[in-house]
Amino acid sequence: MIMSRIEARRDEDTVAAGPLVDRLLGGLPPEAVLTDPDVTASYANDMASFCPAGSPAVVVLPRTVEQVQHVMRTATELRVPVVPQGARTGLSGAANATDGCIVLSLTRMDAILEISPVDRIAVVEPGVVNAALSRAVGEHGLYYPPDPSSWETCTIGGNIGTASGGLCCVKYGVTAEYVLGLDVVLADGRLMSTGRRTAKGVAGYDLTRLFVGSEGSLGVVVRAVLALRPKPPGQLVLAAEFASSAAACDAVCRIMAGGHVPSLLELMDRTTVKAVNDMARMGLPESTEALLLAAFDTTDPAADLAAVGALCEAAGATQVVPAEDAAESELLLQARRMSLVALEAVKGTTMIDDVCVPRSRLGQLIEGVERISEKYRLTIGVVAHAGDGNTHPTVCFDAADPEESRRARESFDEIMALGLELGGTITGEHGVGVLKKEWLAREIGPVGLEMQRAVKQVFDPLGILNPGKLF
């Protein structure tokens with residue numbers, strides 16, 4: 001009897017999926033519609049831990065705006081949920097499928113449509129990889145600053161959906177500051193343009209910013225106008241070692257209060273430094289409790305590094321090592337780039353948090369994470385975009401151990417609570433998705449939640465766009 005019920009449910013699913021696929025194929029080439037369960041399962045989730053994912057009914061890979069419109073019209077007519085996806089490098093479950101949904105993968109819409117050195121803009125499709133855009137505009141002497149750590153694989157559409165950041169945000173800002181205009185396919189298939197391609201523009205509500213960070217819950221971005229900057233000179237990097245995280249955070253405060261504008265200001269705590277040493281034999285002193293990396297891409301970076309080095313020494317740095325050239329700078333940055341991979345090697349699985357606090361309270365957050373680590377008997381390393389106060393406490397655990405997994409999840413929540421207590425936010429660049437939607441309600445409060453849900457209702461009255469995310 002149990003087996004017959006299961007089989008009956010599968011038959012119903014097949015009947016439901018049949019008309020959906022037929023309707024989709026009415027406006028899409030066969031190669032753009034994937035129905036093999038083994039294939040569609042590979043599109044079910046992003047890189048987040050502890051985020052449930054459903055089984056998509058179909059995966060669609062459009063190449064044109066018109067094909068995206070056809071998908072959304074079909075979804076609206078049949079009342080089928082749609083989950084927009086980029087490269088699925090996200091860390092919040094925002095791209096996770098729901099049962100019976102259409103996964104709308106935008107990765108094949110990967111054309112750079114225009115690069116204008118005069119207007120300093122690029123017009124791109126959502127599937128353009130961040131690094132590919134950076135290299136393309138670099139050939140014109142231009143620079144697209146947002147650089148998430150997954151920049152070699154993540155897409156511009158995904159970056160816009162999660163409002164991603166990166167290492168250089170301390171000087172250049174985050175993705176939202178570079179999105180001038182968007183073409184968006186709405187839930188009912190209509191195409192809407194927002195924003196501008198001019199240097200200035202204040203006509204009407206800023207709907208462009210509304211879509212940045214909306215995680216595909218308001219519409220599907222199919223084209224973006226992005227602001228560019230002149231390509232800066234090559235940067236030089238300084239590494240400063242400290243006997244305590246508190247001293248390193250004091251140095252961060254001195255640097256920012258002194259009016260310095262580093263292109264990068266990153267911090268690694270002792271757990272992270274040890275993990276990198278264990279994996280790569282970087283030769284960092286075992287006595288290092290915190291490593292601070294500062295970089296400048298100014299016309300005289302050596303002078304800026306000397307000034308910052310003096311501030312680090314005043315804060316108690318035990319050693320300050322400025323790079324003399326680009327090769328040495330790259331060597332110093334290797335440890336930072338290895339940090340998340342090294343922490344994953346500690347136990348095999350990690351949960352990467354994304355709590356952002358005021359810079360002045362960065363030291364309190366790191367000290368609090370150390371206490372949480374001891375309380376839950378877990379290895380938790382902290383990597384921080386220190387210049388932004390954006391921290392990535394990374395919980396290392398064995399996913400095969402249910403008890404350790406439970407403690408990992410509880411410690412993750414306690415870190416977010418600590419961030420809010422310190423006047424911070426639950427996410428600085430990874431987004432909310434599934435992982436943090438309960439915490440979003442705590443951060444914005446009941447009135448804020450009501451208003452955000454009202455906005456969602458205007459753009460997506462049927463609730464078919466990325467359901468179960470954010471709220």
Side-chain angles (χ1 to χ4, degrees), residues 46-47 86-92 107 110 112 115 120-122 124 126-180 212-213 221 224-238 261-268 292-298 301 323 326 329-341 352 354 356 383-392 394 427-431:
D46 63 17
M47 298 179 69
R88 292 179 289 112
T89 56
L91 294 165
S92 68
T107 53
D110 59 357
I112 298 174
I115 297 173
R120 291 183 182 172
I121 63 168
V124 305
V128 171
V129 171
N130 186 294
L133 175 63
S134 296
R135 294 184 183 110
V137 301
E139 294 177 3
H140 296 267
L142 297 169
Y143 177 46
Y144 180 66
D147 62 341
S149 59
S150 57
W151 78 301
E152 290 282 3
T153 52
C154 67
T155 62
I156 296 298
N159 294 170
I160 291 171
T162 56
S164 59
L167 301 184
C168 71
C169 295
V170 60
K171 179 173 182 177
Y172 293 104
V174 295
T175 295
E177 296 169 57
Y178 293 88
V179 183
L180 298 179
V212 179
V221 172
V225 181
L226 305 174
L228 304 174
R229 287 175 173 261
K231 190 174 182 179
Q235 65 181 5
L236 285 182
V237 178
L238 168 148
V261 187
S263 55
L264 173 150
L265 191 58
E266 298 286 305
L267 185 148
M268 299 161 58
L292 187 66
L293 300 172
F296 286 88
D297 57 6
T298 54
S329 294
E330 182 60 30
L331 188 62
L332 291 175
L333 288 177
Q334 280 185 12
R336 169 62 182 89
R337 292 199 178 105
M338 292 179 185
S339 57
L340 296 181
V341 176
I352 305 172
D354 179 35
C356 191
V383 183
H385 306 310
D388 304 324
N390 189 183
T391 68
H392 296 310
T394 303
T427 176
E429 58 187 6
H430 291 171

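Residues: numbered from 1 along the sequence shown.
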Shortest non-hydrogen contact between [X] and [Y], atoms and distance:
X: Thr175; Y: Pro146; answer: OG1-CB, 3.7 Å
X: Leu133; Y: Ala122; answer: CD1-CB, 4.1 Å
X: Leu91; Y: Asp46; answer: N-OD2, 4.3 Å
X: Val237; Y: Ser329; answer: N-OG, 3.1 Å
X: Gly165; Y: Val174; answer: CA-CG1, 4.2 Å
X: Ile112; Y: Ala132; answer: CD1-O, 4.2 Å

Partners meeting salt bridge (Lys or Arg N to Asp or Glu O under 4.0 Å) with [X] (sequence neighbours left out):
X: Asp388; answer: none
X: Glu177; answer: none
X: Arg336; answer: Glu266

- prompt: What residues form a side-chain hydrogen bond (donor to acceptor under 3.5 Å, both in side chains) with Ser263, not counting sequence neighbours?
  reply: Gln235

task: Could you pull out all residues at least two apart from Cys154 that satisfy side chain to side chain contact (heavy atoms under 4.5 Å, CB included)?
output: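 So Cys154 forms a side chain to side chain contact (heavy atoms under 4.5 Å, CB included) with Thr89, Asn130, Pro148, Ser150, Asn159.
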
- prompt: Can you list the residues that meet the ring-ring contact (aromatic ring centres under 6.0 Å, His included) rule with His392, with sequence neighbours excluded?
  reply: His385, His430

- prompt: Where the side chain of Glu429 meets the backbone of Asp354, is there a donor-acceptor pair that is under 3.5 Å apart?
  reply: no

Polar side chain donor-acceptor pair, Asp297 to Tyr172, under 3.5 angstrom: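 The criterion, which ignores hydrogens and geometry beyond distance, is satisfied for Tyr172 and Asp297.
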
